[in-house]
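To start, the structure under review is shown below, and the notes come after it.
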Amino acid sequence: MPTVIAAICVCVTQIASAAPFVVGSKRFTESFILGEIIAQTVRDAGDTSVQLKSGMGNTSILLAALKSGEIDVYPEYTGTIAREILKTEQALSLEEINARLAPMGLRAGVPLGFNNSYVLAMRSDLARSLNIKTISDLSQYPTLILGLSHEFIGRADGWRGLSKEYGLEALRPRGLDHGLAYEAIAAKKIDLVDAYGTDSKLSRYALTALQDDRHFFPSYEALLLFRAEVPERFPVAWQALQKLEHSLTQDSMLALNTRAEIDQQSFSSVAKHFLQNTTTGTSPTTAMRSGFMTVLFGPDFWRLTGQHLFLVLSALALASLAGIPLGMVCFYAPRLGQVVLAVTSVMQTIPSLAVLAFLITVLGTIGTVPAIVALFLYALLPIVQNTHAGLKEIPSSMRQAATALGITTGQRLWLIELPLARGMILSGVKISAVLCVGTATIAAFIGAGGFGERIVQGLALNNTQLLLAGAIPAAGMALLMQGGFFLLEKYFTTNAPHHV
């Protein structure tokens, strides 16, 4: 018996050691770059397979991923840990942070060497004309148009706390994607944005960072937030990550962000150049911008294609298995059918990100599973509606004739009604397939991959090439799906059963 237990322990240890080291990152430029630096550092150590889940969303999603074991580490900031995760207004030391993280099975460490606190920034010409230099000055101008990121608006260390501290409740911010907000302020559609101290776009768009005269924003020292088991489970990887301690300064991080946002270099190449230069001590070189076709058919193309296709086909199969029977219920039990149609219709009106957030809470995980469930819910309505409509179109005389011939209800359904309705049913599946291809791009927000990864990165960088490199393959996949179902419909129409 002890021998068996020992063998089981060895197997478990081998399986655990074979598991990849999973790195996550948030959905803004600096986090994308830091995630790449972490992943490449571990990969270069050569002892562990590495998986990078980029652009996964906000703090709550990354925290849930850490707790559930979906990821092992991601770059974070001390101020965010204190206020958003530990829910305290106190300035905590690293030791105090770790003492409070311990019950969660988490730790923070490897300070990277720079502080990246929030700032409020406005157009320099407007700031000069209104003589606005501090955040306190904003209270005198309640008509200013604020375009703030959704996360900043909802955070305690963001607009919620800032507006109370400075008495700015009269100002009404608009929620904008962080990347799109810069385009809006450049076009003078908004007057003020939230930004980070190392954000290269402050100089690119000629923005002035307002002085935090009441010292509201806490220190945001960059470091790693990781599962407490990481140092013991991945000793070689952890030893490699120790070399990142104090490897970045405010200026060097700003330079890396500039290379990605201004020079339009990929996050992976920016990280690679940083690590090479850190090792060799050479000055950074300027990389050539990639052409669109190079970006479109980049090394991640087939990986993203496979992920996107898997999400779509999985959700479509589940929706078909559930939607066709539900469509039958709608036809044969009209009262219950009205409830089914109402519920599936309401599902279409709920924002996709809200559904994902709800599913993450319910399922206790991120990634592929909640993404497929969300797509399944969105794919139901066309299949249910078309199945119901297909059965409804069958003449009542056909059913009467079948009954007169002694055919049972089950036989009538499988041998006559479903074959006659299959064209309409297939049309519903086709609509759901096309919808799934487009909606599957949201899966990138929770680390499920697909072409949404490129779209998320393109939004973070305001990079039209990346946006198109994600949107065009998704659109192409939708067209191929539609074409395939058209041929299938044509085949079934040609070979459909005929009645006199």
Side-chain angles (χ1 to χ4, degrees), residues 9-26 30-82 84-86 92-114 220-248 267-268 271 274-275 278 360 364-368 446-447:
C9 291
V10 170
C11 292
V12 170
T13 302
Q14 290 177 342
I15 292 172
S17 62
F21 185 78
V22 187
V23 181
S25 71
K26 294 186 181 180
E30 186 164 290
S31 193
F32 276 115
I33 295 172
L34 292 176
E36 284 283 357
I37 289 174
I38 295 168
Q40 291 185 29
T41 297
V42 175
R43 194 175 291 121
D44 291 344
D47 184 64
T48 309
S49 61
V50 182
Q51 184 179 357
L52 176 60
K53 295 186 176 182
S54 298
M56 292 176 62
N58 59 18
T59 303
S60 61
I61 291 177
L62 271 296
L63 180 62
L66 270 184
K67 289 180 175 179
S68 66
E70 295 284 340
I71 63 174
D72 296 301
V73 62
Y74 80 94
E76 191 51 279
Y77 304 89
T78 53
T80 301
I81 294 174
E84 290 300 305
I85 296 177
L86 301 178
L92 303 177
S93 66
L94 184 56
E95 291 74 18
E96 291 171 325
I97 286 175
N98 278 321
R100 300 193 186 196
L101 286 175
M104 304 181 195
L106 306 177
R107 284 177 57 192
V110 192
L112 300 176
F114 69 94
Y220 285 80
E221 301 291 336
L223 41 58
L224 306 185
L225 184 60
F226 54 93
R227 293 173 60 81
E229 64 189 27
V230 164
E232 292 74 27
R233 188 180 177 194
F234 302 99
V236 176
W238 180 246
Q239 186 176 2
L241 289 176
Q242 299 298 302
K243 299 176 183 177
L244 294 177
E245 189 166 332
H246 299 298
S247 61
L248 285 158
F267 298 126
S268 60
F274 164 74
L275 292 172
T278 301
I360 289 172
T365 185
I366 63 166
T368 304
I446 57 170

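From a predicted model like this one, the values you see are computed outputs, not experimental measurements.
Between the side chains of Lys26 and Ser54, no donor N or O sits under 3.5 Å from an acceptor N or O.
Of all heavy-atom pairs spanning Arg233 and Ala19, the tightest one is NH2-CB, 3.3 Å. Residues Thr41 and Ala240 approach most closely at CG2-O, 3.5 Å, considering heavy atoms. The minimum heavy-atom distance linking Ser68 with Glu70 is given by the pair OG-CG, 3.1 Å. Scanning all heavy atoms of the two residues, the minimum distance from Asn98 to Ala108 falls at OD1-N, 2.6 Å.
Here the side chains of Pro231 and Phe226 are in contact, with some heavy-atom distance below 4.5 Å. Taking 4.5 Å as the limit, every side-chain heavy atom of Trp238 sits out of range of all side-chain heavy atoms of Asp72. With contacts defined as side-chain heavy-atom distances shorter than 4.5 Å, the pair Leu244/Leu275 qualifies. Residues Val42 and Val73 form no side-chain contact, since every pair of their non-hydrogen atoms from C-beta on lies 4.5 Å or further apart. A 4.5 Å side-chain heavy-atom check between Lys53 and Val22 finds at least one atom pair inside the cut-off. Looking at Gln51 and Ile71, their side chains never come closer than 4.5 Å, going by heavy atoms from C-beta outward. Proximity of Leu223 to Val110: side-chain heavy atoms (C-beta onward) are nowhere separated by under 4.5 Å.
Rounded to the nearest 0.5 Å, atoms CD (Glu36) and CD1 (Ile33) are 9.5 Å apart. Rounded to the nearest 0.5 angstrom, Ile85 CD1 and Leu106 CG are separated by 7.5 Å. Between the CG atom of Leu62 and the OG atom of Ser25 there is a distance of 7.0 Å, given to the nearest 0.5 Å. The distance from the CZ atom of Phe32 to the OG atom of Ser268 is 12.0 Å, given to the nearest 0.5 Å. The line from CG of Leu92 to CZ of Arg100 is 5.0 Å long, rounded to the nearest 0.5 Å. Note that OH of Tyr220 and OG1 of Thr80 are 5.0 Å apart. Values are rounded to the nearest 0.5 Å.
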Test side chain to side chain contact (heavy atoms under 4.5 Å, CB included) on Leu241 and Phe21; report intermediate values, then the result.
CA-CA 12 Å; Leu241 289 176; Phe21 185 78; 4.0 Å; yes
Under the criterion side chain to side chain contact (heavy atoms under 4.5 Å, CB included), I'd like the reasoning laid out for Arg107 against Leu101: C-alpha separation, chi angles, the key distance, then a yes or no.
CA-CA 6 Å; Arg107 284 177 57 192; Leu101 286 175; 5.7 Å; no
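Although no hydrogens or angles enter the test, the distance criterion places a donor-acceptor pair under 3.5 Å between the side chain of Arg227 and the main chain of Leu66. When atom types are taken as modelled, the side chain of Glu221 and the backbone of Tyr77 share no donor-acceptor pair closer than 3.5 angstrom. Of the possible donor and acceptor atoms, one in the side chain of Asn58 sits under 3.5 Å from a partner among the backbone N and O of Ile61. A donor-acceptor pair under 3.5 Å is absent between the side-chain atoms of Gln40 and the main chain of Ile37, judged by distance alone.
Considering Ile38, Leu34, Thr59, Val23 in turn, Thr59 is the only one that fulfils the side chain to side chain contact (heavy atoms under 4.5 Å, CB included) rule with Tyr74.
Within a 6.0 Å radius of CD in Gln239, no more than 12 heavy atoms belonging to other residues, nucleotides or ligands are found.
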